[in-house]
2 protein chains.
Amino acid sequence: MKTSGKHVIRPATLEAIVDAAVRLLNVNIGASLSEIAIHAGIGRATLHRHFRDRNDLIRFIGTRCIEEMNAAVLAVDAPDKPAIERLRSMFVEVAPLGDRYNFLRLERRRDEGVRQAYNTQLGWVDALVEDLRAQGEISREVPVRWVTAQIDQLVWTAWQAVAEDYLSAAEASELAMRTLLNGLKD
Amino acid sequence: MKTSGKHVIRPATLEAIVDAAVRLLNVNIGASLSEIAIHAGIGRATLHRHFRDRNDLIRFIGTRCIEEMNAAVLAVDAPDKPAIERLRSMFVEVAPLGDRYNFLRLERRRDEGVRQAYNTQLGWVDALVEDLRAQGEISREVPVRWVTAQIDQLVWTAWQAVAEDYLSAAEASELAMRTLLNGLKD
DNA sequence: AGGTCGTGATACAGTGTTGTATCATTCTTG
DNA sequence: CAAGAATGATACAACACTGTATCACGACCT
């Protein structure tokens, strides 16, 4: 965000911008600043007052999403809990942030800063996977990258299922756990 | 593609355009026609000779990808084979088309024609899932949409694993089967 | 109530992309 | 080899988006 802004942004204005931007950019990364302003219910000039340019806006949203993810993950990170419980908590906590999460997945391809922060997050997941292996919940025959890719996809699928209203949040989390650990067989 | 073109496109030119466009648009849907032409090793004017406009190009690629997917799926569609074998064949045949497949996944959000063709494809997968359920390979407790979503993701993940060179094509297909049916547990 | 400050609206120039037209060049085909 | 056709290169106008500046309005605070 523009650092030396003469104007101070109103909280309501900022939240409207972030929400509209995440929503629109998830569907179409090429959404114009006009569209974003309109959907946020603000003037385009206000956008430019607080964000130097388009890239500044996107980067701000990126770091904002990462912060929210970090907060969610931190709430789960109790080393004494069994790995499987931490996994379940992660699905429960992170899946509701699905739209923010997906924004990061899309943006990491374009922004180096987002990519690095995202990879740091993956490091946390790597450690979780290692614990899951150590406790025999996941086979050592399966490459770690495959496991993290599955978890990554399951978070997004679980959010979509809830967003499309064919599963409750609790059901989606359980189904994600089952898919990862036991598959979909009878 | 422009129907009443005075010029006839050379096969090599067309293939170069399609390949470059799929590759670039997968990374960045906003890639300019200039970029695409350069990466295809052709002049930008040639692009405009054969495609009325950007949308025409994208739609052509969309239908092209769908045709390739149809051909791959058709080769698998032997009603006498057990459902589980058809599933395995699908991973083997479709995963190598991962980049084309991903283009469709991205584009179905923007183009109504692509969306419809894509949904038709999903209908084929729905039928496969139904067979898998009938033969007890997949539990009826799991919603069909969840299963199709998993298959969708697994195709893409398998292709990525091969593209990133940490699994062979055969390993990726087997791991996709295992993940879907038995999970990653020991 | 009045002053301050964030906001909306508008105008403007700069820029990159798009689509068309034209001509020279290269490739294909008979 | 020669004719025809596809392509490359270039110039051009139209267009949308971006970023800046300016002024009037309205919300918030004391």
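Numbered from 1 within each chain, the chains take letters A, B, ... in sequence-line order.
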**Q** Can you tell whether the side chains of B/Arg86 and B/Glu93 come within less than 4.0 Å, N to carboxylate O?
**A** no
**Q** Do B/Glu67 and B/Arg100 sit within salt-bridge range, that is, some charged N less than 4.0 Å from a carboxylate O?
**A**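 Here B/Glu67 does not pair with B/Arg100 in a salt bridge, since their nearest N and O are not under 4.0 Å apart.
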**Q** If the cut-off is 4.0 Å, is A/Arg10 near the phosphate of C/dG6, judged by side-chain N/O to OP1 or OP2?
**A** no
**Q** At less than 4.0 Å, is any side-chain N or O atom of A/His50 found next to OP1 or OP2 of C/dT7? Yes or no.
**A**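 It does, given that an N or O in the side chain of A/His50 lies less than 4.0 Å from OP1 or OP2 of C/dT7.
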**Q** Where each residue is assigned the nucleotide of DNA chain D containing its nearest heavy atom, which of A/Arg44 and B/Ile42 is assigned the position nearer the 5′ end?
**A**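 Taking each residue's closest nucleotide, the earlier one in sequence belongs to B/Ile42.
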**Q** Is there a side-chain hydrogen bond (donor to acceptor under 3.5 Å, both in side chains) between A/Trp159 and A/Asn102? Walk through the geometry before answering.
**A** CA-CA 10 Å; A/Trp159 182 79; A/Asn102 192 51; over 6 Å; no
**Q** Of all the nucleotides listed (D/dT7, C/dG19, D/dA6), which has the minimum atom distance to the side chain of B/Val8?
**A**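 So the side chain of B/Val8 is nearest to D/dA6.
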**Q** Which residue lies toward the 5' end of DNA chain C, B/Asp53 or A/Thr13, if each is placed at its nearest nucleotide?
**A**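 This one resolves to A/Thr13.
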**Q** Charged N to carboxylate O under 4.0 angstrom, B/Arg178 versus B/Glu174?
**A**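 The answer is no: the pair does not qualify as a salt bridge.
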**Q** Residues from residues 32-39 of chain A sitting under 4.0 Å of DNA chain D, heavy atoms only?
**A**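 Those residues whose heavy atoms fall under 4.0 Å from DNA chain D, taken from residues 32-39 of chain A in numerical order, are A/Ser32, A/Leu33.
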**Q** Might you work through the salt bridge (charged side-chain N to carboxylate O under 4.0 Å, His left out) test for A/Arg64 and A/Glu15, ending with a clear yes or no?
**A** CA-CA 11 Å; A/Arg64 171 62 92 83; A/Glu15 291 315 307; 3.1 Å; yes
**Q** Look at all strands and tell whether B/Gly30 reaches a base, only sugar-phosphate, or nothing, counting heavy atoms closer than 4.0 Å.
**A** nothing
**Q** Side chain of B/Arg49, base of C/dG19: donor and acceptor closer than 3.5 Å?
**A** no
**Q** Decide, yes or no, whether a salt bridge links A/Glu130 with A/Arg140 under the criterion of side-chain N to carboxylate O below 4.0 Å.
**A** yes
**Q** Which listed nucleotide (D/dG8, C/dT7, C/dT18) is nearest to the side chain of B/Thr46?
**A** D/dG8
**Q** State which of C/dT18, C/dA9, C/dT7 makes the closest approach to the side chain of A/Ala45.
**A** C/dA9
